[in-house]
Each structure stands twice: as structure tokens, then as C-alpha cells.
Amino acid sequence: MLNAAQAIEAATQRLQELMSRPRDSSRFSAVDLQVHDSILSAAMAITSAIARLIRAATESQHEIVAQGKGRAQCSSSTSATIGGQRALSLLRNRADGVLSGTHSLEQLIVASNEVAAATAQLVAASRVKANLMSKTQERLELAAKAVTEACKALVKQVKTISAKQVQEEEVDYKNMAALEFKRREMEQQVEILKLEKELGAARHHLGAMRRAGYHTEETD
């Protein structure tokens, strides 16, 4: 848990640095800067929620050990915590990358979803051995819910930003020449076919990776 706490501290410090740095109005518009602020605020909310989650998870592990329910469960919880730590580091890097223009909004969404998934794994690992009416487990569940809600808020915020960007890029097709309109229409059809092919391949690769991941976890 110490490493997780250090990861949270590092993420918090980096996000605070980003929030307090001078606004580069020569590179970004006022709208871009507002977007950056909203992303940072949402990422900071996730980090704060994870800090509370780690404290609750630590209490839960101590309670389980005190009850003599075995080290295997603690090992499982530790693995889940490490997964959360990696997901948080990924989220911090992606948020930083979006602001600097090296990462996309979609990458930030994936990173947020990874944090939510790691949180669910941590709760599940603790729930297996926890007492039915454990107050410690209850606090862990509430902390996990806060992380999940914070992740959802970030994803919603990013999707809203992305939708606005698409609207701003819309072309006035009504006043376009017929030949140009037809050419662009065909280009879009080709683009859709390419994207559908890439999407199918990506889903296939992701499925294979997840199956391999489950196998690795079972054999560890």
C-alpha cells in the first residue's frame, strides 16, 4: 500500500503543477484553456477519491489479517492495488498528454475506464474474505463508489468536449457544389469501411489479450 500512496502523492503533485502553471494563450485559445482546466479538475477528483480508497483498502487488509483469514486474500488485494496504482499513473500521464497535445481524448477515456476497472477488482478481492456486516468493508465500498463516480464524471466531461469539437468541424454541405458533395460522400463511405475493419481487428486483438491476461492471472 505504501507504493500506492506514493503513486497518489506523485499524481496529485503533478496535477497541481499543471493546474498552477502559466496559461499559454499564444498556443491555446481561451476555450482550450477552459477544457484543460475541466480535465484537470476531473482528474484531481479521481485522484482524491483514490486516496480515500487506498486508506479504506489498507484498513480492510489489516482487519482480514487480524481475523486470521489467510495471506492469499491479502495477496489478491495487493495485486489489485498494484493494478490501481498502474491505472492511476496511466491516467496522470494521459491527462498530461492531452494538455500538451501528445495524447488524444480517447486515450484519456480508456485510462479513466482502467482506473474504474482496477477499483472494481480491488473491492471484489476484499469482499471475498470480509465479514458480512464489516464497517471497514462498507467504507471501502463507499470509497470505491466515489472513485467510480469520479471516473464517470471525467468520461462524461471528455465526451462532451469531443462532441463540441466535432460540431465545430462541421461543413456547410447545403451550399456545396454537387460534384464536390458526391466526392466527399464517397470518401466518407470509404473511411467508414476502413474504420469498421480496424474496429473489428482491434476488438479481436483486445479479446485475445484479455484471454491471455485471464490465463496469466489463473497461473500466477
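Note that these values count all heavy atoms, side chains included, but never hydrogens, waters or copies made by symmetry.
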Suppose we screen for salt bridge (Lys or Arg N to Asp or Glu O under 4.0 Å). Which residues come up paired with [X], at least two apart in sequence or across chains?
X	value
Glu187	Arg183
Lys145	none
Glu106	none

For the [atom1] atom of [X] and the [atom2] atom of [Y], what is their distance to the nearest 0.5 Å?
X	Y	atom1	atom2	value
Glu141	Ser134	CD	OG	9.5 Å
Leu206	Leu199	CG	CG	10.5 Å
Leu53	Leu122	CG	CG	5.0 Å
Arg92	Leu18	CZ	CG	9.5 Å
Gln34	Ile161	CD	CD1	10.5 Å
Leu154	Ile109	CG	CD1	8.0 Å

Quiz item: Does CG in Leu193 sit with more than 12 non-hydrogen atoms of other residues, nucleotides or ligands closer than 6.0 Å?
Solution: yes

Can you name the residues that form a side chain to side chain donor-acceptor pair (under 3.5 Å) with [X], not counting sequence neighbours?
X	result
Ser41	none
Ser100	Thr102
Arg184	Glu180
Ser60	Ser126

Which atom of [X] lies closest to which atom of [Y], heavy atoms considered:
X	Y	value
Val147	Ile50	CG2-N, 3.7 Å
Ala111	Leu90	CB-CG, 4.0 Å
Val123	Ala144	CG2-CB, 3.2 Å
Leu108	Ala95	CD1-N, 3.7 Å
Val115	Leu88	CG2-N, 4.0 Å

Practice problem: Output every pair passing salt bridge (charged side-chain N to carboxylate O under 4.0 Å, His left out) with a member in residues 200-209, not counting sequence neighbours, ordered by first then second residue. | Solution: none

Practice problem: For residues 35-47, pull every pair meeting salt bridge (charged side-chain N to carboxylate O under 4.0 Å, His left out), keeping only residues two or more places apart or in separate chains. | Solution: Arg23-Asp37

Quiz item: Side-chain heavy atoms under 4.5 angstrom apart, residues restricted to Ile, Leu, Val, Met, Phe, Trp, Tyr: same cluster for Val35 and Met19?
Solution: yes

Quiz item: Between Thr58 (side chain) and Ile54 (backbone), is there a donor-acceptor pair under 3.5 Å?
Solution: yes

Quiz item: Does Ser112 use its side chain to pair, donor to acceptor, with the backbone of Cys151 at less than 3.5 Å?
Solution: yes

Quiz item: Under a single-linkage rule joining Ile, Leu, Val, Met, Phe, Trp and Tyr whose side-chain heavy atoms are separated by less than 4.5 Å, which residues share a cluster with Tyr173?
Solution: Val171, Met176, Phe181

Quiz prompt | Pairwise side chain to side chain donor-acceptor pair (under 3.5 Å) hits with a residue in residues 148-160, at least two apart | solution = Ser38-Gln157

Quiz item: Side chains of Glu63 and Thr136: do they bring a donor and an acceptor to under 3.5 Å?
Solution: yes

Quiz prompt | Salt bridge Lys194-Glu191, side-chain N to carboxylate O under 4.0 Å | solution = no

Could you list the donor-acceptor pairs under 3.5 angstrom formed between side-chain atoms of residues 8-16 and any protein atom two or more places apart in sequence or on another chain?
| residue | atom | partner | partner atom | Å |
| --- | --- | --- | --- | --- |
| Thr12 | OG1 | Ile8 | O | 2.8 |
| Arg14 | NE | Asp96 | OD2 | 2.8 |
| Arg14 | NH1 | Glu17 | OE1 | 3.3 |
| Arg14 | NH2 | Asp96 | OD1 | 3.4 |
| Arg14 | NH2 | Asp96 | OD2 | 2.8 |

Self-check item: Validation row: Leu99, Leu40 side chains within 4.5 angstrom (heavy atoms)
Solution: yes

